[in-house]
There are 2 protein chains.
Amino acid sequence: MGNAVSIADAARVLLAANDILILTHRRPDGDTSGCAGALCRGLRALGKAAFVLPNPESTARYEPLVAPFYPESAAYEPKFIVSVDLADLGLFPDNAKIYQERVDLAIDHHRSNPLFAENNIVTPEAGACAETIYDILMAMGVPLTRELAEPLYVAVSTDTGCFRYSNTTPHTHAVAAACLSTGLDGGEWNRMLFETKSRPRFEMERIIFESMEFFEDGKIALAMLYRADIDRTRASMDDLDSIAALPRQIEGVEIGLTITENRDGSAKVSVRTTKEVDASALCRQVGGGGHLRAAGASFDVFADARETMLRICQAVYHG
Amino acid sequence: MGNAVSIADAARVLLAANDILILTHRRPDGDTSGCAGALCRGLRALGKAAFVLPNPESTARYEPLVAPFYPESAAYEPKFIVSVDLADLGLFPDNAKIYQERVDLAIDHHRSNPLFAENNIVTPEAGACAETIYDILMAMGVPLTRELAEPLYVAVSTDTGCFRYSNTTPHTHAVAAACLSTGLDGGEWNRMLFETKSRPRFEMERIIFESMEFFEDGKIALAMLYRADIDRTRASMDDLDSIAALPRQIEGVEIGLTITENRDGSAKVSVRTTKEVDASALCRQVGGGGHLRAAGASFDVFADARETMLRICQAVYHG
């Protein structure tokens with residue numbers, strides 16, 4: 001376990017570094033991708049050699065944020081490794097595993113981060129990890145251009161549900177204000193990120209809606225996603241992104257459960273709750289974890305997940 | 001036509017006023033209601049007598065923002081009238097018309113505002129009128145409490161699509177940041193305002209999703225709403241509101257058709273289009289009409305609507 005460092009420390013460490021490689025997490029989302037793109041652009045603005053390691057699970061939606069920063073050669077030998085929004089060694093993409101033991105700086109906002117790097121800055125109060133990237137970039141004296149602001153804005157906006165979720169803080173809005181002041185068109189970005197439903201995403205929603213069951217007088221909503229249906233829709237991880245939020249969006253639902261059948265027959269459980277229920281406490285009972293209102297767990301056997309999770313969730317209402 | 005005044009002027013005029021009545025616009029939304037609630041609370045914090053005129057079209061969602069401020073007696077005789085987010089004399093509710101000629105201060109953000117009051121502050125650059133209310137309250141020295149911040153936040157959030165639309169500016173985010181810094185739970189408000197689907201609305205969506213069919217390579221989406229299903233969901237008009245927009249939100253869909261079976265066996269057709277197709281032209285072919293991207297028509301016999309509308313819509317793609 002490494003050092004916990006401050007914004008100023010992180011800036012100092014980065015200012016002293018060169019030949020930098022930035023790592024994102026498995027199933028990359030807008031936050032990790034935007035963090036990587038912004039940090040890399042900022043480091044280059046300071047004259048440094050910096051690259052983002054291509055993520056094998058990168059999707060069409062967020063890849064444009066990082067693709068300009070891929071190393072030109074697979075033989076690139078970095079001297080300094082930074083991970084962004086990477087909560088745990090288990091979330092390293094396969095091609096990043098060779099760096100697991102030598103991360104120089106981890107920048108993250110997940111409370112559960114075990115401080116796996118030599119230097120670690122973990123800011124659980126930040127809605128998006130990109131808020132901390134922004135603070136570090138400013139501490140390094142990087143000018144906030146529109147090109148730099150765009151990946152930051154996308155990261156902050158996607159990780160807070162476009163400023164809708166409770167993880168949005170005054171600081172989140174302050175970062176967004178700074179980004180918009182560069183002239184970027186937030187409305188256009190958000191239309192692209194949030195409004196249009198892809199056809200596969202629609203098909204996934206159709207399946208979620210069809211399968212939705214209610215328990216405990218409507219306080220628990222459960223959706224089951226069978227592999228055959230997922231495959232039929234040709235949904236990408238992007239399309240699946242945030243679909244787990246749907247069950248909890250129904251009035252009266254306090255626990256929204258989504259159980260997804262993985263390709264290998266295991267199950268991925270997503271739990272979303274209102275403030276009445278601690279999602280991470282529910283998931284910890286089966287070895288999972290996460291945040292207060294959004295958590296997850298895994299089951300080796302898909303068929304086991306439903307009964308076990310329902311039992312755990314129903315126990316909330318039966319002391 | 002009256003004077004255009006500044007934030008400082010508006011604050012000065014209000015500081016000199018007492019026995020104040022605040023007017024909202026017809027079909028009151030979150031902005032006009034939040035503006036009225038916040039302004040009234042702020043004026044009272046300064047020791048003034050201030051009230052909000054009840055709006056006959058007030059709805060359950062926003063009425064809590066203003067209801068604490070209704071005059072106790074219908075005989076209340078105000079000495080100073082302020083309108084908020086009220087763009088035009090034509091938008092005065094019926095019970096506010098008696099004040100049309102004597103508005104002392106109009107606070108608005110619609111560029112088209114004809115400056116109908118004696119003093120007018122119009123800020124078209126503001127995403128929400130509440131941003132200007134916030135500026136005026138701060139200029140008057142009103143402390144920003146959580147109670148004051150809540151109606152401001154609701155107003156700003158609702159008028160900008162929760163910070164998603166292009167009318168969101170750095171100032172919008174700055175106001176939101178100030179509001180959140182009072183400790184209000186923005187996530188909880190937004191969940192209530194934007195996320196929660198009533199159970200009947202969910203059931204309606206489930207039916208729409210189940211029945212959705214695609215034609216012309218996904219350019220036409222058709223949803224059929226049968227009366228028996230509608231009745232089963234107990235959906236209200238509120239729940240049905242905007243449901244016709246769903247088919248067209250799917251990527252690639254240019255014509256979204258919703259055909260609803262009325263209680264008497266007739267059909268209501270709703271057509272929503274992207275910019276490529278004129279919805280009103282399609283509906284005019286069967287005696288209906290409407291706007292360029294949203295139009296409607298009726299059929300005496302529900303069973304006739306589907307085939308006829310599909311034929312008309314498919315003809316768009318076959319010369």
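Below, read A as the first sequence line, B as the second, and so on, with proteins coming before strands; counting in each chain starts at 1.
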Within a radius of less than 6.0 Å around CZ of R234(A), do more than 12 heavy atoms belonging to other residues, nucleotides or ligands occur? no
Is R111(A) atom CZ crowded by more than 12 heavy atoms from other residues, nucleotides or ligands, each under 6.0 Å away? no
Measure the shortest side-chain to side-chain distance between D278(A) and T273(A) over non-hydrogen atoms and say whether it is less than 4.5 angstrom. no
Toward chain A, the part of M212(B) with a non-hydrogen atom under 4.5 Å: both
Name the option with the most non-hydrogen atom pairs under 4.5 Å to chain A; the candidates are E188(B), M192(B), E203(B). E188(B)
Return the option, out of A177(B), G218(B), A178(B), with the maximum number of heavy-atom pairs under 4.5 Å with chain A. A177(B)
Would you give the length of the straight line joining atom CG of L180(A) to atom CZ of F163(B), rounded to the nearest 0.5 angstrom? 11.0 Å
Which bit of [X] comes within less than 4.5 Å of chain B, counting heavy atoms only: side chain, backbone, both or neither?
X: E205(A); result: both
X: T169(A); result: backbone
X: R248(A); result: both

In terms of heavy-atom pairs under 4.5 Å with chain B, which of T274(A), T172(A), L246(A) leads? T274(A)
Six-ring centre of F214(A), R199(B) cation under 6.0 angstrom, axis tolerance 45°: yes
State plainly whether the residues E213(B) and R306(B) are in salt-bridge range, i.e. N to O under 4.0 Å. yes
